[in-house]
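Have a look at the structure below before the remarks.
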2 protein chains.
Amino acid sequence: MNTRDKIVYIADRMIRDVGYNAFSYSDISEHMQIRPAAIHYHFHTKNDLGLEVIRQELERVRQFRREEGKNLSGEDQLKRLFYTFFRQSFEDQHCLMGALTPDFATFDEPMQKRIRELCGVILQWVSLCLEGERLADRMRFNGTADDRALLVISTLLSSLLLAPVIGREIFVRMADQLLEDLGAHWRVDDLGDVPEDFDDPHSYT
Amino acid sequence: MNTRDKIVYIADRMIRDVGYNAFSYSDISEHMQIRPAAIHYHFHTKNDLGLEVIRQELERVRQFRREEGKNLSGEDQLKRLFYTFFRQSFEDQHCLMGALTPDFATFDEPMQKRIRELCGVILQWVSLCLEGERLADRMRFNGTADDRALLVISTLLSSLLLAPVIGREIFVRMADQLLEDLGAHWRVDDLGDVPEDFDDPHSYT
DNA sequence: TTCCTTACTTACCAGTAAGTAAGTATTTTT
DNA sequence: AAAAATACTTACTTACTGGTAAGTAAGGAA
């Protein structure tokens with residue numbers, strides 16, 4: 001990974017760990033062979049870095065849907081989503097939306113716009129998966145798929161936020177309850193174990 | 001309201017507006033006839049102030065349950081909870097848990113402990129209300145009341161987090177869907193309008 | 001009248017934040 | 001071989017953070 005991408009990767013993790021307003025360039029520099037000022041060479045302002053972190057996550061989600069997701073059922077795509085969140089619950093990390101929304105009011109317009117974009121893409125993705133599953137009779141729920149997607153995302157998001165407070169096990173409790181309510185025939189346990197090493201920069205979301 | 005309580009009130013609002021790590025003593029001082037250093041007279045450190053903000057909210061919830069809540073049905077208590085969150089969605093404010101949990105890793109032990117306490121009290125409260133409503137046949141749900149309380153809180157919490165991003169209307173959408181799923185015969189619309197002025201320091205939570 | 005407390009103010013500290021400017025070693029292009 | 005771009009470092013500025021120290025005006029108690 002080149003320096004630029006490494007900076008973005010570390011910033012991404014920092015945002016998920018402690019929130020956007022609680023990390024600095026010097027925090028990032030401590031995790032790599034670089035001085036804080038060198039980060040300014042790659043990202044003029046912290047805002048630019050923040051924008052890039054969200055842009056890359058947006059791109060990852062879009063690429064997954066374009067390429068891998070194309071050949072996967074809604075169920076398999078949802079499993080991927082749940083697995084990502086499951087893994088993050090083990091790392092005491094939050095999803096980008098959960099980490100960024102509380103500080104939303106402190107961001108400028110371009111940043112807010114991009115968060116809105118990320119939010120829209122994720123909701124649309126989950127909504128389409130849910131609608132497909134309902135049509136295939138593998139899930140059932142009242143109301144629109146859009147509304148149900150909102151509930152799914154909000155449950156995953158808050159289970160990560162609450163995990164460090166209440167305990168890691170609440171992710172499985174909440175996710176399984178959600179799946180039961182949706183009439184799904186699979187549970188978090190079916191997703192497989194989380195590997196020991198967590199150095200791959202994948203995440204949706 | 002005396003100076004000390006006013007500081008706590010403003011700090012509370014700031015935490016809900018922009019998060020704990022994004023406000024300073026000078027931000028608070030700008031909202032009252034006082035210099036930043038005077039706040040140190042009342043609260044030696046920012047941590048002490050944070051602790052007091054949570055303590056007061058904890059006390060408010062406990063007092064409500066001890067006094068008013070005693071004579072109210074689970075339904076009326078839940079209505080009170082939903083109404084509080086509904087009102088906050090209009091102010092683009094977050095609940096304390098939603099505002100504090102993303103920064104959780106940056107807090108020291110006493111602070112984390114108190115947030116955990118607040119979280120526990122709220123969940124227990126909602127859980128008891130839900131259990132009562134199920135027994136009274138006014139609500140129905142699978143699984144334990146504790147798990148269902150977790151879902152209710154997480155939905156309310158994230159709807160506030162997402163409101164500034166997606167739009168205020170999502171609070172009503174998500175809350176109503178939640179109530180429908182629970183088999184409740186009431187909706188957010190039944191809670192009455194939110195008044196224009198929002199200067200009363202009540203909030204649970 | 002003196003003393004002490006309360007509730008501040010002003011002035012300051014050390015530390016850290018984001019950001020800049022100038023210089024340098026290394027690689028790439030011409 | 002010279003020039004230029006790349007990827008930094010060192011050293012800095014400005015602004016602001018939480019926190020401290022010393023002083024003071026107002027009020028009540030001895």
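The figures that follow rest on heavy atoms only: side chains count, while hydrogens, waters and symmetry mates do not. We name chains A, B, ... by the order of the sequence lines, and we start the count at 1 in each one.
Put simply, B:T3 has no side-chain N or O that comes within less than 4.0 Å of OP1 or OP2 on C:dA7. Listed pair B:H40 / C:dA7 fails the phosphate criterion, with no side-chain N or O lying under 4.0 Å from OP1 or OP2. Here A:R35 reaches the OP1 or OP2 of D:dT10: one of its side-chain N or O atoms lies under 4.0 Å away. Not one side-chain nitrogen or oxygen of A:S24 sits closer than 4.0 Å to the OP1 or OP2 atom of C:dT16.
In this structure, CG of B:D27 is placed 11 Å from C1' of D:dC16, rounded to the nearest angstrom. In this structure, A:I7 atom CD1 and D:dA7 atom C1' are separated by 10 Å, rounded to whole Å. For A:H44 and C:dG19, the NE2 to C1' distance is 7 Å, given to the nearest whole Å. One can place CD of A:Q33 at 19 Å from P of C:dA25, the figure rounded to the nearest angstrom. Per the geometry, CE belonging to A:M32 stands 11 Å off C1' belonging to D:dA7, to the nearest Å. Going from atom CZ of B:R4 over to atom C1' of C:dT6 covers 14 Å, rounded to whole Å. In this structure, OH of B:Y41 is placed 8 Å from C1' of C:dC8, rounded to the nearest angstrom. Distance, B:I28 CD1 to D:dG19 C1': 14 Å, rounded to whole Å.
Between A:E75 and A:K79, at least one side-chain N (NZ, or NE/NH1/NH2) sits under 4.0 Å from a carboxylate O, which counts as a salt bridge. At a threshold of 4.0 Å, the pair A:E57-A:R114 does not count as salt-bridged, since none of the basic side-chain nitrogens sits closer than that to a carboxylate oxygen.
A distance-only check finds no donor-acceptor pair linking the side chain of B:S158 to the backbone of B:L161 [under 3.5 Å]. The closest donor-acceptor contact from the side chain of A:Q77 to the backbone of A:G69 lies under 3.5 Å. Listed for the B:R16 side chain is no donor-acceptor partner under 3.5 Å among the backbone atoms of B:Q93.
Among C:dT9, D:dG19, C:dG19, the nucleotide with an atom closest to any side-chain atom of B:T45 is D:dG19. Each of D:dT20, C:dA18, D:dG19 was ranked by its minimum atom distance to the side chain of B:Y25; first place goes to D:dG19. Across C:dC8, C:dA17, D:dA21, the shortest atom-to-atom separation from the side chain of A:S26 is found for C:dA17.
Across all strands shown, A:F43 has no heavy atoms under 4.0 Å from either base or sugar-phosphate atoms.
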